[in-house]
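What follows is a short report on a single structure.
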Protein chains: 2
Amino acid sequence: MDIERRSGCPINLTMEVLGDRWSLVVIRDIMFGNRRHFRELLNRSEEGIASNILAARLKRLVSLDLITKLDDPTHAQKAIYSLTEPAIQLVPMIAMIGAWGRRHLPVSEDLSIRAELLENGGPALWDDFMNDLRNIHIVDPIGGANGSVRSPVLINLTNAFLEVRARMQRKE
Amino acid sequence: MDIERRSGCPINLTMEVLGDRWSLVVIRDIMFGNRRHFRELLNRSEEGIASNILAARLKRLVSLDLITKLDDPTHAQKAIYSLTEPAIQLVPMIAMIGAWGRRHLPVSEDLSIRAELLENGGPALWDDFMNDLRNIHIVDPIGGANGSVRSPVLINLTNAFLEVRARMQRKE
DNA sequence: GCAACCAGTTGCAAATTGCAATTAGATGGA
DNA sequence: TCCATCTAATTGCAATTTGCAACTGGTTGC
(Lines give C-alpha, C1' and ligand atoms only; values in the text may rest on other atoms or scores of the structure.)
Protein backbone atom coordinates (compact mmCIF):
# COMPACT_ATOMS: atom_id res chain seq x y z
CA MET A 1 0.00 0.00 0.00
CA ASP A 2 1.22 3.47 -0.89
CA ILE A 3 0.24 6.85 0.41
CA GLU A 4 -1.34 9.38 -1.90
CA ARG A 5 1.22 12.14 -1.33
CA ARG A 6 -1.12 15.06 -1.77
CA SER A 7 1.83 17.25 -0.76
CA GLY A 8 5.32 16.94 0.73
CA CYS A 9 4.27 18.56 4.02
CA PRO A 10 5.24 16.40 7.02
CA ILE A 11 1.95 17.11 8.79
CA ASN A 12 -0.07 16.24 5.72
CA LEU A 13 1.92 13.06 5.10
CA THR A 14 1.54 11.94 8.70
CA MET A 15 -2.21 12.47 8.43
CA GLU A 16 -2.24 10.46 5.21
CA VAL A 17 -0.62 7.59 7.12
CA LEU A 18 -2.34 7.86 10.52
CA GLY A 19 -5.29 10.15 9.81
CA ASP A 20 -8.17 7.78 10.30
CA ARG A 21 -10.20 6.71 13.30
CA TRP A 22 -8.54 3.34 13.87
CA SER A 23 -4.85 3.13 12.88
CA LEU A 24 -3.42 4.89 15.92
CA VAL A 25 -5.83 3.08 18.25
CA VAL A 26 -4.52 -0.26 16.95
CA ILE A 27 -0.92 0.89 17.38
CA ARG A 28 -1.78 2.07 20.90
CA ASP A 29 -3.14 -1.38 21.83
CA ILE A 30 -0.04 -3.12 20.48
CA MET A 31 2.26 -0.59 22.17
CA PHE A 32 0.64 -0.06 25.57
CA GLY A 33 -1.46 -3.20 25.89
CA ASN A 34 1.17 -5.49 24.34
CA ARG A 35 -1.61 -7.11 22.32
CA ARG A 36 0.22 -9.11 19.73
CA HIS A 37 -2.49 -11.41 18.29
CA PHE A 38 -5.52 -10.68 16.17
CA ARG A 39 -7.95 -12.03 18.80
CA GLU A 40 -6.39 -9.96 21.58
CA LEU A 41 -6.71 -6.82 19.50
CA LEU A 42 -10.27 -7.72 18.54
CA ASN A 43 -11.79 -8.93 21.81
CA ARG A 44 -10.00 -6.72 24.32
CA SER A 45 -10.52 -3.53 22.35
CA GLU A 46 -12.02 -0.73 24.47
CA GLU A 47 -13.59 0.79 21.38
CA GLY A 48 -14.98 -2.41 19.86
CA ILE A 49 -13.24 -2.53 16.50
CA ALA A 50 -14.86 -4.80 13.90
CA SER A 51 -12.90 -7.80 12.64
CA ASN A 52 -12.85 -6.66 9.00
CA ILE A 53 -11.65 -3.18 9.97
CA LEU A 54 -8.94 -4.65 12.20
CA ALA A 55 -7.80 -7.01 9.44
CA ALA A 56 -7.68 -4.16 6.93
CA ARG A 57 -5.77 -1.87 9.30
CA LEU A 58 -3.23 -4.54 10.23
CA LYS A 59 -2.62 -5.30 6.56
CA ARG A 60 -2.24 -1.60 5.78
CA LEU A 61 0.12 -0.97 8.70
CA VAL A 62 2.27 -3.93 7.63
CA SER A 63 2.49 -2.56 4.10
CA LEU A 64 3.44 0.86 5.46
CA ASP A 65 6.19 -0.77 7.52
CA LEU A 66 4.74 0.32 10.86
CA ILE A 67 4.16 -3.21 12.08
CA THR A 68 5.47 -6.66 11.12
CA LYS A 69 3.63 -9.97 11.00
CA LEU A 70 5.37 -13.10 12.20
CA ASP A 71 4.29 -16.74 12.51
CA ASP A 72 3.70 -17.82 16.09
CA PRO A 73 5.81 -20.99 16.61
CA THR A 74 3.37 -22.37 19.20
CA HIS A 75 0.30 -22.22 17.01
CA ALA A 76 0.20 -22.76 13.26
CA GLN A 77 -2.33 -20.13 12.33
CA LYS A 78 -1.60 -17.58 14.98
CA ALA A 79 0.35 -14.49 13.93
CA ILE A 80 2.42 -12.19 16.08
CA TYR A 81 2.18 -8.49 15.27
CA SER A 82 5.11 -6.32 16.31
CA LEU A 83 6.02 -2.65 16.09
CA THR A 84 8.79 -1.54 13.75
CA GLU A 85 11.34 1.15 14.56
CA PRO A 86 9.29 3.91 12.85
CA ALA A 87 6.26 2.95 14.95
CA ILE A 88 8.33 2.87 18.14
CA GLN A 89 9.48 6.40 17.33
CA LEU A 90 5.84 7.48 17.51
CA VAL A 91 6.14 7.40 21.32
CA PRO A 92 6.82 11.15 21.80
CA MET A 93 4.00 12.03 19.39
CA ILE A 94 1.59 9.69 21.13
CA ALA A 95 2.63 11.15 24.50
CA MET A 96 1.70 14.62 23.21
CA ILE A 97 -1.56 13.39 21.73
CA GLY A 98 -2.46 11.82 25.06
CA ALA A 99 -1.48 14.96 26.94
CA TRP A 100 -3.69 17.13 24.73
CA GLY A 101 -6.62 14.75 24.90
CA ARG A 102 -6.35 14.52 28.66
CA ARG A 103 -6.58 18.30 28.95
CA HIS A 104 -9.29 19.06 26.45
CA LEU A 105 -11.52 16.02 26.02
CA PRO A 106 -13.84 14.03 28.31
CA VAL A 107 -11.40 11.28 29.28
CA SER A 108 -11.98 8.67 31.99
CA GLU A 109 -9.63 8.46 34.97
CA ASP A 110 -8.46 4.88 34.46
CA LEU A 111 -7.78 5.19 30.75
CA SER A 112 -5.83 8.44 31.15
CA ILE A 113 -3.43 7.53 33.97
CA ARG A 114 -0.89 6.14 31.51
CA ALA A 115 -1.02 9.32 29.42
CA GLU A 116 -0.43 11.31 32.61
CA LEU A 117 2.58 9.23 33.65
CA LEU A 118 4.00 9.37 30.14
CA GLU A 119 3.62 13.15 30.03
CA ASN A 120 5.19 13.65 33.46
CA GLY A 121 8.05 11.28 32.69
CA GLY A 122 9.12 13.45 29.78
CA PRO A 123 11.76 12.60 27.15
CA ALA A 124 13.82 10.51 29.60
CA LEU A 125 10.92 8.13 30.20
CA TRP A 126 10.02 8.09 26.50
CA ASP A 127 13.55 6.98 25.66
CA ASP A 128 13.45 4.23 28.28
CA PHE A 129 10.10 3.08 26.95
CA MET A 130 11.32 3.11 23.35
CA ASN A 131 14.31 0.98 24.32
CA ASP A 132 12.01 -1.48 26.08
CA LEU A 133 9.78 -1.60 23.02
CA ARG A 134 12.77 -2.40 20.82
CA ASN A 135 13.50 -5.38 23.07
CA ILE A 136 10.00 -6.87 22.99
CA HIS A 137 9.13 -6.00 19.37
CA ILE A 138 12.36 -6.05 17.37
CA VAL A 139 15.06 -7.91 19.31
CA ASP A 140 12.79 -10.71 20.58
CA PRO A 141 9.24 -10.38 19.24
CA ILE A 142 8.36 -13.96 20.22
CA GLY A 143 9.61 -13.59 23.79
CA GLY A 144 7.93 -10.18 23.92
CA ALA A 145 4.64 -11.68 22.79
CA ASN A 146 4.62 -14.68 25.15
CA GLY A 147 5.76 -12.66 28.16
CA SER A 148 9.17 -14.23 28.68
CA VAL A 149 10.73 -10.83 27.87
CA ARG A 150 9.14 -7.85 29.56
CA SER A 151 9.31 -4.06 29.54
CA PRO A 152 9.86 -2.49 32.98
CA VAL A 153 8.27 0.77 31.84
CA LEU A 154 5.24 -1.06 30.49
CA ILE A 155 4.89 -3.01 33.75
CA ASN A 156 4.82 0.27 35.68
CA LEU A 157 2.28 1.84 33.33
CA THR A 158 0.08 -1.27 33.41
CA ASN A 159 0.21 -1.56 37.20
CA ALA A 160 -0.74 2.09 37.59
CA PHE A 161 -3.67 1.56 35.24
CA LEU A 162 -4.84 -1.58 37.05
CA GLU A 163 -4.61 0.16 40.43
CA VAL A 164 -6.70 3.11 39.31
CA ARG A 165 -9.27 0.81 37.77
CA ALA A 166 -9.44 -1.37 40.87
CA ARG A 167 -9.91 1.73 43.01
CA MET A 168 -12.68 2.98 40.71
CA GLN A 169 -14.49 -0.36 40.85
CA ARG A 170 -14.30 -0.49 44.63
CA LYS A 171 -16.04 2.87 44.86
CA GLU A 172 -19.11 1.80 42.91
CA MET B 1 -21.48 18.48 16.77
CA ASP B 2 -20.54 15.91 19.38
CA ILE B 3 -17.93 13.21 19.40
CA GLU B 4 -18.96 9.59 19.60
CA ARG B 5 -16.95 8.75 22.74
CA ARG B 6 -16.20 5.15 21.88
CA SER B 7 -14.04 5.13 25.02
CA GLY B 8 -12.55 7.54 27.57
CA CYS B 9 -9.00 7.01 26.33
CA PRO B 10 -7.24 10.30 25.53
CA ILE B 11 -5.64 8.87 22.39
CA ASN B 12 -8.92 7.48 21.14
CA LEU B 13 -10.76 10.72 21.88
CA THR B 14 -8.12 12.82 20.13
CA MET B 15 -8.45 10.56 17.09
CA GLU B 16 -12.22 10.95 17.21
CA VAL B 17 -11.71 14.72 17.04
CA LEU B 18 -8.73 14.99 14.68
CA GLY B 19 -8.56 11.53 13.12
CA ASP B 20 -9.47 12.30 9.54
CA ARG B 21 -7.47 13.34 6.50
CA TRP B 22 -8.36 17.05 6.57
CA SER B 23 -9.03 18.54 10.01
CA LEU B 24 -5.42 18.92 11.09
CA VAL B 25 -4.40 20.13 7.62
CA VAL B 26 -6.96 22.94 7.90
CA ILE B 27 -5.74 23.83 11.39
CA ARG B 28 -2.15 23.79 10.07
CA ASP B 29 -3.03 26.31 7.33
CA ILE B 30 -4.76 28.62 9.80
CA MET B 31 -1.92 28.27 12.31
CA PHE B 32 1.21 28.37 10.13
CA GLY B 33 -0.14 30.07 7.00
CA ASN B 34 -2.33 32.54 8.91
CA ARG B 35 -5.11 31.80 6.40
CA ARG B 36 -8.15 33.29 8.02
CA HIS B 37 -10.72 33.37 5.18
CA PHE B 38 -12.52 30.58 3.34
CA ARG B 39 -11.02 31.57 -0.03
CA GLU B 40 -7.47 31.64 1.32
CA LEU B 41 -7.90 28.18 2.79
CA LEU B 42 -9.48 26.91 -0.43
CA ASN B 43 -7.27 28.43 -3.15
CA ARG B 44 -3.89 28.41 -1.42
CA SER B 45 -4.20 24.86 -0.14
CA GLU B 46 -1.18 22.70 -1.01
CA GLU B 47 -3.34 19.60 -0.96
CA GLY B 48 -6.27 20.96 -2.99
CA ILE B 49 -9.14 20.60 -0.53
CA ALA B 50 -12.61 20.68 -2.10
CA SER B 51 -14.94 23.50 -1.10
CA ASN B 52 -17.62 21.25 0.37
CA ILE B 53 -15.07 19.40 2.50
CA LEU B 54 -13.56 22.67 3.68
CA ALA B 55 -16.99 24.06 4.57
CA ALA B 56 -17.88 20.87 6.45
CA ARG B 57 -14.58 20.79 8.34
CA LEU B 58 -14.77 24.47 9.33
CA LYS B 59 -18.30 23.97 10.62
CA ARG B 60 -17.26 20.86 12.56
CA LEU B 61 -14.18 22.54 14.05
CA VAL B 62 -16.29 25.51 15.15
CA SER B 63 -18.78 23.20 16.86
CA LEU B 64 -15.90 21.37 18.58
CA ASP B 65 -14.60 24.73 19.83
CA LEU B 66 -11.26 24.44 18.01
CA ILE B 67 -11.87 27.49 15.84
CA THR B 68 -14.18 30.48 15.99
CA LYS B 69 -15.98 32.25 13.16
CA LEU B 70 -16.20 36.03 13.21
CA ASP B 71 -17.73 38.58 10.81
CA ASP B 72 -15.12 40.49 8.84
CA PRO B 73 -15.92 44.21 9.39
CA THR B 74 -14.57 45.13 5.92
CA HIS B 75 -16.78 42.76 3.95
CA ALA B 76 -20.30 41.73 4.87
CA GLN B 77 -20.13 38.09 3.87
CA LYS B 78 -16.51 37.41 4.60
CA ALA B 79 -15.78 35.50 7.77
CA ILE B 80 -12.61 35.40 9.84
CA TYR B 81 -11.65 32.01 11.22
CA SER B 82 -9.47 32.01 14.34
CA LEU B 83 -7.92 29.39 16.57
CA THR B 84 -9.24 28.89 20.10
CA GLU B 85 -7.05 28.19 23.13
CA PRO B 86 -7.47 24.39 22.82
CA ALA B 87 -6.32 24.54 19.19
CA ILE B 88 -3.36 26.75 20.10
CA GLN B 89 -2.35 24.13 22.66
CA LEU B 90 -2.01 21.66 19.79
CA VAL B 91 1.36 23.30 18.95
CA PRO B 92 3.55 20.76 20.82
CA MET B 93 1.59 17.85 19.35
CA ILE B 94 1.84 19.28 15.84
CA ALA B 95 5.58 19.84 16.36
CA MET B 96 5.96 16.15 17.21
CA ILE B 97 3.80 15.07 14.27
CA GLY B 98 5.94 17.19 11.96
CA ALA B 99 9.14 15.80 13.47
CA TRP B 100 8.00 12.22 12.95
CA GLY B 101 6.78 12.85 9.42
CA ARG B 102 10.02 14.58 8.51
CA ARG B 103 12.01 11.52 9.65
CA HIS B 104 9.90 8.74 8.23
CA LEU B 105 7.94 10.00 5.25
CA PRO B 106 8.84 11.40 1.80
CA VAL B 107 8.65 15.09 2.67
CA SER B 108 9.79 17.94 0.42
CA GLU B 109 12.52 20.30 1.58
CA ASP B 110 10.54 23.54 1.41
CA LEU B 111 7.46 22.21 3.18
CA SER B 112 9.47 20.65 6.01
CA ILE B 113 11.76 23.53 6.99
CA ARG B 114 9.16 24.90 9.40
CA ALA B 115 8.78 21.49 11.06
CA GLU B 116 12.56 21.34 11.43
CA LEU B 117 12.78 24.80 13.02
CA LEU B 118 9.87 24.02 15.32
CA GLU B 119 11.48 20.76 16.43
CA ASN B 120 14.88 22.37 17.03
CA GLY B 121 13.34 25.30 18.89
CA GLY B 122 11.85 22.95 21.47
CA PRO B 123 9.37 23.86 24.22
CA ALA B 124 10.75 27.41 24.57
CA LEU B 125 9.94 28.22 20.95
CA TRP B 126 6.57 26.45 21.18
CA ASP B 127 5.64 28.65 24.13
CA ASP B 128 6.66 31.82 22.28
CA PHE B 129 4.68 30.70 19.27
CA MET B 130 1.62 29.89 21.36
CA ASN B 131 1.75 33.33 22.95
CA ASP B 132 1.98 34.91 19.50
CA LEU B 133 -0.98 32.84 18.33
CA ARG B 134 -3.03 34.04 21.31
CA ASN B 135 -2.35 37.63 20.22
CA ILE B 136 -3.41 37.19 16.59
CA HIS B 137 -6.28 34.74 17.15
CA ILE B 138 -7.79 35.51 20.55
CA VAL B 139 -6.69 39.00 21.70
CA ASP B 140 -7.06 40.68 18.28
CA PRO B 141 -8.38 38.28 15.64
CA ILE B 142 -9.26 41.13 13.24
CA GLY B 143 -5.84 42.73 13.49
CA GLY B 144 -4.30 39.29 13.25
CA ALA B 145 -6.26 38.53 10.09
CA ASN B 146 -5.55 41.82 8.29
CA GLY B 147 -1.87 41.85 9.20
CA SER B 148 -1.85 44.88 11.50
CA VAL B 149 -0.86 42.56 14.38
CA ARG B 150 1.85 40.05 13.61
CA SER B 151 3.61 37.09 15.18
CA PRO B 152 7.42 37.34 15.27
CA VAL B 153 7.77 33.55 15.42
CA LEU B 154 5.47 33.14 12.43
CA ILE B 155 7.43 35.77 10.48
CA ASN B 156 10.63 33.82 11.09
CA LEU B 157 9.07 30.51 10.09
CA THR B 158 7.52 32.03 6.98
CA ASN B 159 10.75 33.76 5.92
CA ALA B 160 12.68 30.51 6.32
CA PHE B 161 10.12 28.71 4.20
CA LEU B 162 10.17 31.39 1.47
CA GLU B 163 13.96 31.37 1.38
CA VAL B 164 14.15 27.61 0.94
CA ARG B 165 11.49 27.71 -1.74
CA ALA B 166 13.22 30.55 -3.60
CA ARG B 167 16.50 28.65 -3.45
CA MET B 168 14.81 25.51 -4.79
CA GLN B 169 13.22 27.41 -7.67
CA ARG B 170 16.52 29.03 -8.63
CA LYS B 171 18.11 25.61 -8.95
CA GLU B 172 15.60 24.33 -11.53
C1' DG C 1 -14.03 -37.19 17.41
C1' DC C 2 -15.51 -32.92 18.55
C1' DA C 3 -16.03 -28.48 20.78
C1' DA C 4 -13.55 -24.41 21.11
C1' DC C 5 -10.41 -21.39 19.12
C1' DC C 6 -7.72 -19.07 15.29
C1' DA C 7 -7.19 -15.33 11.74
C1' DG C 8 -9.43 -13.66 8.93
C1' DT C 9 -13.28 -13.14 4.54
C1' DT C 10 -17.76 -12.14 2.56
C1' DG C 11 -22.09 -9.76 1.78
C1' DC C 12 -24.63 -5.88 2.42
C1' DA C 13 -26.48 -1.41 4.08
C1' DA C 14 -25.21 3.07 5.59
C1' DA C 15 -22.25 6.85 5.90
C1' DT C 16 -18.53 9.58 4.15
C1' DT C 17 -15.66 11.55 0.58
C1' DG C 18 -14.42 13.98 -3.55
C1' DC C 19 -15.42 16.43 -7.68
C1' DA C 20 -17.93 19.68 -10.58
C1' DA C 21 -21.48 22.70 -11.03
C1' DT C 22 -24.41 25.94 -8.98
C1' DT C 23 -26.27 29.56 -5.70
C1' DA C 24 -27.42 33.89 -3.40
C1' DG C 25 -25.77 37.88 -1.69
C1' DA C 26 -21.89 41.70 -1.69
C1' DT C 27 -18.61 44.54 -3.84
C1' DG C 28 -16.18 47.53 -7.19
C1' DG C 29 -15.69 49.95 -11.34
C1' DA C 30 -17.66 52.18 -15.74
C1' DT D 1 -27.35 51.53 -12.98
C1' DC D 2 -25.28 47.57 -14.85
C1' DC D 3 -22.40 43.84 -14.75
C1' DA D 4 -18.34 41.16 -13.84
C1' DT D 5 -16.25 39.40 -9.95
C1' DC D 6 -15.81 37.78 -5.26
C1' DT D 7 -17.74 35.58 -1.07
C1' DA D 8 -19.02 31.38 1.59
C1' DA D 9 -21.00 28.01 0.91
C1' DT D 10 -24.76 24.10 -1.13
C1' DT D 11 -26.30 20.51 -4.32
C1' DG D 12 -26.10 16.34 -7.11
C1' DC D 13 -23.83 12.31 -7.99
C1' DA D 14 -20.44 8.59 -8.19
C1' DA D 15 -16.96 6.20 -5.67
C1' DT D 16 -15.05 4.79 -1.55
C1' DT D 17 -15.04 3.57 3.25
C1' DT D 18 -17.21 1.95 7.36
C1' DG D 19 -19.61 -1.13 10.41
C1' DC D 20 -22.18 -5.16 11.45
C1' DA D 21 -23.25 -10.02 11.20
C1' DA D 22 -22.51 -14.26 9.41
C1' DC D 23 -19.42 -17.41 7.62
C1' DT D 24 -14.91 -20.06 6.37
C1' DG D 25 -11.17 -23.20 6.47
C1' DG D 26 -8.11 -24.65 9.36
C1' DT D 27 -5.84 -25.93 14.31
C1' DT D 28 -5.76 -27.28 19.02
C1' DG D 29 -6.87 -29.53 23.37
C1' DC D 30 -9.51 -32.86 25.71
Side-chain angles (χ1 to χ4, degrees), chain A residues 1-7 12 15-26 29-30 35-63 67-82 142 145-146, chain B residues 1-7 12 15-26 29-30 35-63 67-82 142 145-146:
Chain A
M1 174 135 2
D2 255 359
I3 57 178
E4 211 177 314
R5 204 161 188 282
R6 304 181 295 195
S7 84
N12 167 63
M15 291 320 282
E16 287 192 38
V17 169
L18 299 172
D20 70 88
R21 304 175 96 58
W22 289 112
S23 294
L24 203 63
V25 167
V26 170
D29 281 350
I30 300 176
R35 290 183 204 149
R36 308 291 288 274
H37 302 293
F38 189 93
R39 276 299 134 175
E40 288 178 327
L41 288 162
L42 184 68
N43 295 334
R44 301 177 52 205
S45 159
E46 284 285 336
E47 291 83 14
I49 192 170
S51 62
N52 59 339
I53 307 284
L54 176 59
R57 284 303 174 284
L58 288 171
K59 190 174 284 187
R60 182 168 180 273
L61 291 172
V62 166
S63 81
I67 62 179
T68 57
K69 184 180 175 176
L70 186 72
D71 286 340
D72 187 327
T74 71
H75 191 302
Q77 88 254 57
K78 234 166 158 173
I80 297 173
Y81 294 97
S82 305
I142 295 173
N146 69 26
Chain B
M1 173 135 2
D2 254 359
I3 56 179
E4 210 178 312
R5 206 163 186 282
R6 303 180 297 193
S7 83
N12 167 63
M15 292 320 281
E16 287 193 37
V17 168
L18 298 173
D20 70 87
R21 305 178 96 57
W22 288 112
S23 293
L24 203 62
V25 167
V26 170
D29 281 349
I30 300 176
R35 295 194 195 138
R36 308 292 289 273
H37 302 292
F38 189 92
R39 276 298 136 176
E40 289 178 325
L41 289 163
L42 185 68
N43 295 334
R44 301 177 55 205
S45 159
E46 285 284 337
E47 290 83 15
I49 191 170
S51 63
N52 60 338
I53 306 285
L54 175 59
R57 286 303 175 284
L58 289 171
K59 190 175 283 184
R60 181 167 181 274
L61 290 172
V62 167
S63 80
I67 62 177
T68 56
K69 184 179 174 176
L70 186 71
D71 287 339
D72 187 328
T74 72
H75 190 302
Q77 88 259 51
K78 230 166 162 175
I80 297 173
Y81 294 97
S82 304
I142 294 173
N146 69 26

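Remark on DNA chain C: of its neighbouring residues A/Ala55 and A/Glu4, the 5'-side contact belongs to A/Ala55, judged by nearest-heavy-atom nucleotide. Comparing B/Asn52 and B/Asn43 by the nucleotide of DNA chain D whose heavy atom lies nearest to each, the residue mapping closer to the 5' end is B/Asn43.
When distances are taken from the side chain of A/Asp20 to each of D/dT18, D/dA9, D/dC20, the shortest belongs to D/dT18. When distances run from any side-chain atom of A/Ala50 to the nucleotides C/dC6, C/dA26, D/dC20, the shortest one goes to D/dC20. Distances from the side chain of B/Phe38 to the nucleotides D/dT10, D/dA8, C/dC19 place D/dA8 closest. Of the listed nucleotides (C/dT27, D/dT18, D/dG25), D/dT18 has the atom at the smallest distance from the side chain of A/Arg57. Comparing D/dG25, C/dA21, D/dA8 by their closest approach to the side chain of B/Lys78 singles out D/dA8.
Atom CG of A/Leu42 and atom C1' of D/dC20 are 12 Å apart (whole Å). Rounded to an integer number of Å, the gap from A/Ile67 CD1 to C/dA7 C1' is 13 Å. Distance CD1 (A/Ile53) to C1' (D/dA22): 16 Å, rounded to an integer number of Å. B/Leu54 places its CG atom 13 Å from the P atom of D/dT7, with the value rounded to the nearest Å. Remark: P of D/dG19 and CZ of A/Arg21 are 8 Å apart, rounded to the nearest angstrom. Atom CD1 in B/Ile49 sits roughly 10 Å away from atom P in C/dC19 (whole-Å rounding). Between B/Asp71 atom CG and C/dA26 atom P there is a gap of 12 Å when expressed in whole angstrom units. Rounded to whole angstrom, the span from the NE2 atom of B/His37 across to the P atom of D/dT7 amounts to 9 Å.
The side chain of B/Trp22 contributes no N or O atom lying less than 4.0 Å from OP1 or OP2 of C/dT16.
Across every non-hydrogen atom of A/Ile53 and A/Trp22, the tightest pair is CG2-CD1, 3.5 Å. Of all the heavy atoms in A/Leu58 and A/Phe38, the pair that sits closest is CD1-CD1, 3.8 Å.
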| task | Tell me, with the steps shown, if B/Arg44 and B/Asp29 meet salt bridge (Lys or Arg N to Asp or Glu O under 4.0 Å). | result | CA-CA 9 Å; B/Arg44 301 177 55 205; B/Asp29 281 349; over 6 Å; no
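The residue A/Arg6 sits apart from the nucleic acid: no heavy atom pair falls under 4.0 Å.
Salt bridge A/Glu46/B/Arg6: absent, no basic N to carboxylate O contact under 4.0 Å. One finds a salt bridge joining B/Asp20 and B/Arg57 here, because a Lys/Arg side-chain nitrogen approaches an Asp/Glu carboxylate oxygen to under 4.0 Å.
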